[in-house]
Amino acid sequence: MSAAILTPDQQEFQEYARRWLAENAPPTPSERLPITPLEVMTVGQRDYLQGWQRKCYDAGLVGADYPVEYGGRGHEGFQRIANMEMSRANVPFLINVVGLNMAAPTILVHGTDAQKRKFIPGCLSGEDIWCQGFSEPGAGSDMANQQTRAVRDGDDWIVNGHKVWTSLGHFAKWMILITRTSKGHKYDGLTYFLAPIEGHEGVTVRPLVKITGESGFNEVFFEDARVPDAYRLDEVGKGWAVAMTTLTYERGAAESAGGGGGERVHPTQRLIDLARDTWRDGERASDDPVTRDAIVQRAIVAEGLKQNGRRARVEALCDHPMRLPLQQKLTSSEFVQHNTRLGVEIAGARSTLYKLDERAPEEGYWPLAYMNSYGHTIAAGTSEIQRNILGERVLGMPKSK
Amino acid sequence: MSAAILTPDQQEFQEYARRWLAENAPPTPSERLPITPLEVMTVGQRDYLQGWQRKCYDAGLVGADYPVEYGGRGHEGFQRIANMEMSRANVPFLINVVGLNMAAPTILVHGTDAQKRKFIPGCLSGEDIWCQGFSEPGAGSDMANQQTRAVRDGDDWIVNGHKVWTSLGHFAKWMILITRTSKGHKYDGLTYFLAPIEGHEGVTVRPLVKITGESGFNEVFFEDARVPDAYRLDEVGKGWAVAMTTLTYERGAAESAGGGGGERVHPTQRLIDLARDTWRDGERASDDPVTRDAIVQRAIVAEGLKQNGRRARVEALCDHPMRLPLQQKLTSSEFVQHNTRLGVEIAGARSTLYKLDERAPEEGYWPLAYMNSYGHTIAAGTSEIQRNILGERVLGMPKSK
Amino acid sequence: MSKKDSAPKNFGFGEDEAMLRDLARRFLDERLPIETLRRLVAEAPEPVYDQGQRSRWDEGLWKEIVELGWTGLAVDEAEGGAGISLAGIAGVVEEAGRHALPSPLVATLGASLVLREAGTEAAQRVLSQIAAGSTASLAITGERGAWEASEPALEARAEGDEVVLDGSAYFVQDAFKADVMVASARLGEAVALFAVPADAQGVTLDADHIHDLTRDQATVRFEDVRVGSEAFVSKDGLGALERAWPGLLVLVTADLCGSSEWQLQTTVEYARQRTQFDRQIGFFQAVKHPLVDAMVEIDRAKSLLYHAACEFDRGSEDAEKAARMAKSAASDAGAFISDRSVQLHGGIGFTWECDVHLFFKRSLHNQALLGDGVHQRKKLANTLIGPIGA
Amino acid sequence: MSKKDSAPKNFGFGEDEAMLRDLARRFLDERLPIETLRRLVAEAPEPVYDQGQRSRWDEGLWKEIVELGWTGLAVDEAEGGAGISLAGIAGVVEEAGRHALPSPLVATLGASLVLREAGTEAAQRVLSQIAAGSTASLAITGERGAWEASEPALEARAEGDEVVLDGSAYFVQDAFKADVMVASARLGEAVALFAVPADAQGVTLDADHIHDLTRDQATVRFEDVRVGSEAFVSKDGLGALERAWPGLLVLVTADLCGSSEWQLQTTVEYARQRTQFDRQIGFFQAVKHPLVDAMVEIDRAKSLLYHAACEFDRGSEDAEKAARMAKSAASDAGAFISDRSVQLHGGIGFTWECDVHLFFKRSLHNQALLGDGVHQRKKLANTLIGPIGA
């Protein structure tokens with residue numbers, strides 16, 4: 001970011017953030033961190049990351065642009081600077097990804113003042129970890145096909161149903177929850193709640209195991225669970241519109257997530273290092289021209305994503321305002337998938353090895369990251385759905401469903 | 001073909017065919033022949049090829065299995081032998097591809113005895129060149145959406161409409177024609193005719209020019225053209241079923257087409273020769289490992305197609321009887337497309353040159369063949385439609401339309 | 001009749017081979033349905049991965065397989081085997097792949113092919129044992145995991161009548177299920193082959209932690225292992241390995257074709273049942289067309305597989321070319337259907353409880369085994385185009 | 001401020017550049033709508049192809065373009081040009097590509113970039129002419145059509161105050177529209193650059209028959225061509241060419257991005273209008289999804305294009321890397337949308353009367369020009385990974 005376009009306040013904040021991060025970068029955790037918050041598995045990881053988010057929050061690097069009355073700092077244009085500096089400093093990611101990028105902005109748009117005061121501060125500080133209750137066994141890509149029922153009972157709603165794909169559910173205090181409150185219309189029959197999870201009666205969180213054998217996401221069962229009407233977000237029957245707000249923030253979240261995460265090395269460099277360290281038929285894989293071509297192809301995509309992000313902010317070079325932003329989820333998730341798949345190919349015989357094997361390249365990163373990449377091409381709208389969205393909203397072709 | 005599985009008669013026929021072809025292979029034509037019959041453009045090419053088909057017919061290499069009363073030789077299992085020997089001998093293709101592979105077999109299934117006697121002999125000898133009137137401007141992939149109307153008038157039908165994509169139309173005496181005879185039901189309102197074309201009143205054939213700048217296919221206009229009811233094939237309203245018969249033969253036609261065509265060199269060898277003759281940044285393209293990998297990929301697909309043909313006849317190795325046959329049209333047309341595209345890439349700067357340029361590799365074969373390849377991925381059911389057919393008929397998934 | 005004409009039209013896959021394959025299919029359908037396989041190898045991830053326990057297999061089932069004579073499929077009748085053509089064996093291995101059978105079948109068949117090419121009396125004695133039910137695996141790969149036989153795994157030195165073997169063989173497939181290790185070792189200038197009992201003095205197995213739940217893999221360490229002439233299988237081990245190589249490729253290719261077909265059919269079935277937006281998802285071309293493309297790729301691989309088996313059986317000069325083509329096509333088809341099978345199963349496909357991961361991982365392993373598509377094509381380019389710079 | 005920070009956030013594409021680009025778009029929308037282009041270059045195939053006539057262009061339109069000052073876009077203000085940044089020029093060339101403008105614009109801009117890097121007085125004189133409306137083209141390619149500047153096209157020898165040029169330059173773009181040939185020639189050990197009037201004694205043009213209807217291409221033969229010091233543009237021609245090379249790649253990339261965008265929008269429009277099976281074909285994911293994939297590829301190329309232009313403008317060490325990435329991405333995107341634009345137009349897309357072939361052929365030409373994706377990536381691998389064997 002060129003210094004020229006920052007206000008003096010912002011410039012000062014940038015310098016502060018840079019200095020603070022340099023001085024406060026946390027020690028290496030005793031347990032290896034996963035690549036994204038969605039794969040946080042253990043209490044040890046959680047505590048470490050929750051502590052780090054709290055520290056950043058206290059330093060003003062989280063919630064910088066939120067109103068003071070909701071736990072923020074009331075600035076303008078500070079958060080992007082903070083995110084960029086966190087990314088540049090390669091510090092750990094912020095664990096409360098659902099709270100920060102989905103719950104808080106949705107509550108800010110649709111919530112009552114009381115709801116904003118109650119919920120937003122915990123999202124920012126990381127004290128209240130949130131999870132997302134949108135996916136159901138029968139409502140994957142077809143998100144409006146919600147079967148979880150909420151029935152009014154005095155000041156409460158009685159919720160019954162089954163949510164799946166609930167990342168961070170095992171640590172979550174709260175869930176952003178879509179329910180069906182009317183069987184009439186598919187879309188107008190939905191209502192959105194801020195539902196208590198941890199220790200709440202009638203709520204059971206069961207970890208789901210991923211194809212890798214790791215856990216990290218969950219299914220959540222509601223059996224006559226009570227949710228106060230005070231925790232309903234926006235009007236009854238407006239759940240679809242609220243969920244769309246959430247998804248808008250989610251789809252742009254990759255950019256605003258902040259923190260360097262597990263990716264401490266440029267992904268292309270990582271492939272190059274692997275190729276240098278791997279032998280194919282008597283030569284280094286890094287000397288095999290077909291492998292070199294494949295790596296360079298990935299490097300070009302990586303650079304393209306980076307420059308897309310830059311171009312998205314140059315209005316004169318964007319004919320359609322949503323054309324680049326709506327690509328982000330599709331292209332970044334498939335980028336990781338293709339990259340890690342190439343890593344598996346390059347690793348050759350050694351790609352068979354699990355992370356516990358001492359000869360596994362980079363502690364078994366490649367096959368695990370490859371398998372985990374499907375989490376991102378499936379969740380929050382599969383790549384197929386993303387292509388529909390782009391074809392319809394950007395290119396104006398008729399709906400495929 | 002292993003000799004062991006042929007009857008003594010068939011063996012004798014094989015030897016005869018081989019000998020006859022060796023002795024009667026025609027001289028190189030004065031005009032270069034196109035790659036397939038669908039691109040025959042000039043009268044000179046037509047005359048040469050029509051003469052060759054007649055000669056093969058007289059020798060018993062065409063129509064070998066058709067009944068004697070319809071101009072055939074009344075054998076069993078001779079035609080495949082003849083086709084194979086023609087292919088092996090690398091003689092020119094048989095020009096009357098629509099007559100041989102579409103009209104004749106359809107008439108044999110659906111025609112009256114009189115129709116069979118009238119039409120089949122000319123299909124076989126090549127005297128009557130046929131064309132196909134299935135495609136219309138509004139009925140491409142959606143073949144049942146025929147707008148060409150036929151209205152009964154005494155012993156005739158009055159036909160009005162507009163057919164496109166009519167290969168060989170400029171040389172055709174006859175057309176297999178689908179018309180709409182009732183507006184009620186989409187499928188049951190169709191009727192199939194054997195329609196006179198050349199010199200017939202109310203019929204205008206206008207050559208269409210391809211993207212390459214070559215002609216070879218046409219649009220055909222019917223303006224109050226009369227077609228005798230005696231030339232109606234099967235019942236009124238049964239046109240869809242008759243057309244399905246035609247398409248079944250068409251889709252399998254690549255195998256039974258006979259003749260070596262323009263492809264006198266194995267396509268992979270052709271790519272290799274091109275690569276040896278082309279320089280990329282100071283080295284021969286045949287020494288560039290990425291190009292080598294691409295060529296070998298094509299070679300594997302070529303060998304796969306060949307072995308698919310072999311496996312399709314081994315019942316024990318085919319779980320689903322239509323799985324391989326229905327792939328043929330898709331895979332062979334895309335094979336040619338990918339092959340010629342690779343040729344264009346390898347040719348590099350010289351791929352810009354048109355066939356009249358003396359420095360154009362192989363007389364400009366690659367870019368022309370690449371562009372022409374779209375004729376085959378579009379006509380007779382686009383590749384997209386082929387994938388629907390395979391997904392539905394072989395894999396049993398629901399219809400996409 | 002010219003050599004060219006002698007390639008049988010049916011790949012040598014006649015009635016006997018079809019019967020054998022059908023029997024294998026019925027047997028495995030009955031004895032190893034997917035629920036049984038899942039219970040066997042994937043009850044819970046922790047025991048498999050986190051405690052480093054080796055993949056479980058059903059030894060009772062294996063006894064039945066031995067009784068069916070499958071260990072002896074590649075052993076000549078003279079040594080008590082069935083002497084089935086490789087085309088016939090490919091049919092059986094396809095079924096093993098389609099059921100993701102955890103067993104030393106492929107390893108044993110591979111070792112048999114190498115021993116058969118060695119052709120010595122010592123080799124024949126081991127083949128007799130295999131025909132009688134012994135299992136074997138090839139210990140021929142160095143630490144780098146090279147994909148060709150040229151670098152032997154061990155060092156050998158003669159001491160009197162004995163040979164002493166030292167070193168380690170890596171990436172040994174189903175090593176914990178093997179009775180005999182067929183190991184390559186440098187002996188002077190040559191690469192020699194030895195058949196060493198897995199329980200011989202000085203042989204130890206070090207389990208790899210691997211993703212594939214349907215096999216095991218190990219480093220086999222040889223420390224001062226002394227073997228007599230009965231173990232000395234070949235002085236020209238490299239020749240035997242190179243002659244057998246197309247056969248080894250065919251075996252892995254067959255396994256890949258079988259597992260790919262399972263993935264295709266299972267995903268198609270899911271696409272016919274799963275409903276989204278009030279339609280079976282197979283309605284959507286984004287689901288349907290990739291599955292068609294996968295079918296096309298699998299069919300290509302399968303046709304090339306039987307061609308390669310047939311070329312091997314008839315001792316064709318093109319056997320290696322055909323086998324590398326088949327392995328390349330099968331590796332790529334396996335990668336593609338593995339990818340689509342997870343993606344198109346959606347959320348459930350990402351979980352441990354969905355069976356697709358069992359085949360995903362077996363396929364991933366097989367894609368790399370003996371060299372992926374890029375590797376095979378590099379070798380093929382030298383044959384088809386000639387060496388670079390020539 | 002570190003060098004790294006000095007990369008402008010907006011690629012240096014500010015208000016002035018946007019205005020220039022918008023003007024170009026409006027001007028070409030009005031003066032060269034697709035019907036006009038079609039009539040101009042593709043009225044009937046025979047005159048173009050079969051009689052070897054050169055592609056037609058609208059010289060009146062070109063005069064207006066000269067008046068708009070586009071020939072001088074890459075000429076510094078000191079020489080009477082506009083001195084626009086390459087990012088700004090890329091915007092104009094994108095529009096030229098989007099309209100498939102037949103003109104010597106790209107050739108002249110390319111020659112200007114090389115002359116500017118040469119930096120001599122002779123070069124500056126030629127640049128002044130260009131700013132005043134002269135056109136130019138690079139004659140730097142040998143018969144093999146190599147994609148780099150290292151092999152000069154001609155031989156030069158000094159004779160007194162003059163230099164004599166002999167030989168042929170191949171694949172010279174829009175040669176028949178160029179007033180000046182900027183030619184590379186071997187002079188002793190060096191590669192020198194000369195600016196030779198196209199009508200100089202001994203210079204003859206031999207038209208290539210090409211597919212692209214929107215440009216011409218020729219072999220330019222130099223027979224005993226005598227030039228004075230005013231034509232001697234650079235002794236270190238190779239240096240000038242290498243410094244200008246990223247800029248040349250940017251120009252072709254911009255043309256590709258523009259034509260690809262036209263192909264995308266035109267095919268999308270067709271998919272919204274064409275009905276099959278009672279639905280607009282854009283309903284079908286087999287149509288919709290490939291067009292989305294094409295959009296993603298085009299956007300990647302376009303972002304890399306402006307990044308490359310920006311790196312060139314600020315003299316970054318990464319300019320060559322960025323330009324090769326952009327050309328690779330744009331070539332591949334162009335190939336993909338060219339393919340889909342014909343296929344998804346169906347029967348009509350296969351005809352001469354449908355406009356897609358005009359862009360298909362221009363794109364095919366540009367994909368090869370200065371090296372396709374495979375070539376660029378080979379060069380990039382040496383930068384990113386290091387030379388093979390190092």
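What you see below is based on every heavy atom in this structure, not just the backbone, and it leaves out hydrogens, waters and symmetry mates. Naming: A, B, ... by sequence-line order, numbering from 1 per chain.
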Practice problem: Kindly give the heavy-atom pair with the smallest separation between B:P289 and C:I388, and that separation in Å. | Solution: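 B:P289 and C:I388 have their closest heavy atoms at CG-CD1, 3.9 Å.
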
Exercise. Identify the two heavy atoms, one from C:S303 and one from B:G304, that lie closest to each other, and give their separation to 0.1 Å.
Key: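 For C:S303 versus B:G304, the nearest heavy atoms are CB-O, 4.3 Å.
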
Exercise. Considering only NZ, NE, NH1 and NH2 on the basic side and carboxylate oxygens on the acidic side, decide whether B:E392 and C:R272 come within less than 4.0 Å.
Key: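 No, B:E392 and C:R272 are not salt-bridged.
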
Quiz item: Would C:K378 and B:D293 pass as an ion pair if we require N to O under 4.0 Å?
Solution: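 No.
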
Practice problem: Counting only heavy atoms closer than 4.5 Å, note whether B:S286 contacts chain C via side chain, backbone, both or neither. | Solution: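 For B:S286, heavy atoms of backbone and side chain both lie under 4.5 Å from chain C.
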
Contact between [X] and [Y] at the side-chain level, heavy atoms closer than 4.5 Å - yes or no?
X      : Y      : answer
C:K302 : B:Q307 : no
B:I295 : C:L384 : no
C:D293 : B:R387 : yes
C:I298 : B:R323 : yes
C:D332 : B:I300 : no

Exercise. From the options C:K288, C:Q285, C:R279, C:H289, select the one residue that forms a side chain to side chain donor-acceptor pair (under 3.5 Å) with B:S400.
Key: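 Exactly one option meets the side chain to side chain donor-acceptor pair (under 3.5 Å) with B:S400, and it is C:K288.
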
Quiz item: Between B:K306, B:R311, B:R310, which is the residue that forms a side chain to side chain donor-acceptor pair (under 3.5 Å) with C:H307?
Solution: B:R310

Drop me the distance from [X]'s [atom1] to [Y]'s [atom2], to the nearest 0.5 angstrom.
X      : Y      : atom1 : atom2 : value
B:T331 : C:R300 : OG1   : CZ    : 8.0 Å
C:F11  : B:R313 : CZ    : CZ    : 9.5 Å
C:I385 : B:D273 : CD1   : CG    : 10.5 Å

Self-check item: Top contributor to chain C interface from B:N308, B:L317, B:L271, B:L330 [non-hydrogen pairs under 4.5 Å]
Solution: B:L317

Quiz prompt | Leading residue by heavy atom contact count with chain C [cutoff under 4.5 Å; candidates B:V301, B:I272, B:D288, B:L324] | solution =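 Between B:V301, B:I272, B:D288, B:L324, the count favours B:V301.
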
Under a 4.5 Å heavy-atom cut-off, does chain B meet the side chain of [X], its backbone, both or neither?
X      : result
C:L264 : side chain
C:E297 : neither
C:F283 : both
C:E15  : neither

Quiz prompt | chain B interface, residue from C:E269, C:K321, C:Q280 that has the most non-hydrogen pairs under 4.5 Å | solution =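 Answer, by heavy-atom pair count under 4.5 Å with chain B: C:Q280.
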
Quiz item: Among C:V292, C:L291, C:L380, C:T383, which has the most heavy-atom pairs under 4.5 Å with chain B?
Solution: C:V292

Quiz item: Would C:R324 and B:E303 satisfy salt bridge (charged side-chain N to carboxylate O under 4.0 Å, His left out), going step by step from the backbone distance to the final call?
Solution: CA-CA 12 Å; C:R324 291 197 187 278; B:E303 186 68 32; over 6 Å; no

Quiz item: How far apart are the C-alpha atoms of B:R292 and C:N382, what are their side-chain angles, what is the distance that settles it, and do they pass the side-chain contact (heavy atoms from CB on, under 4.5 Å) test?
Solution: CA-CA 9 Å; B:R292 290 161 68 88; C:N382 291 331; 2.9 Å; yes

Step through the shown structure and confirm whether more than 12 heavy atoms of other residues, nucleotides or ligands are within 6.0 Å of [atom1] on [X].
X      : atom1 : value
B:K399 : NZ    : no
B:E283 : CD    : yes
C:E30  : CD    : no

Quiz item: Taking the side chain from C:N10 and the backbone from B:V314, do they hold a donor-acceptor pair closer than 3.5 Å?
Solution: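 Not confirmed, C:N10 side chain does not pair with B:V314 backbone.
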
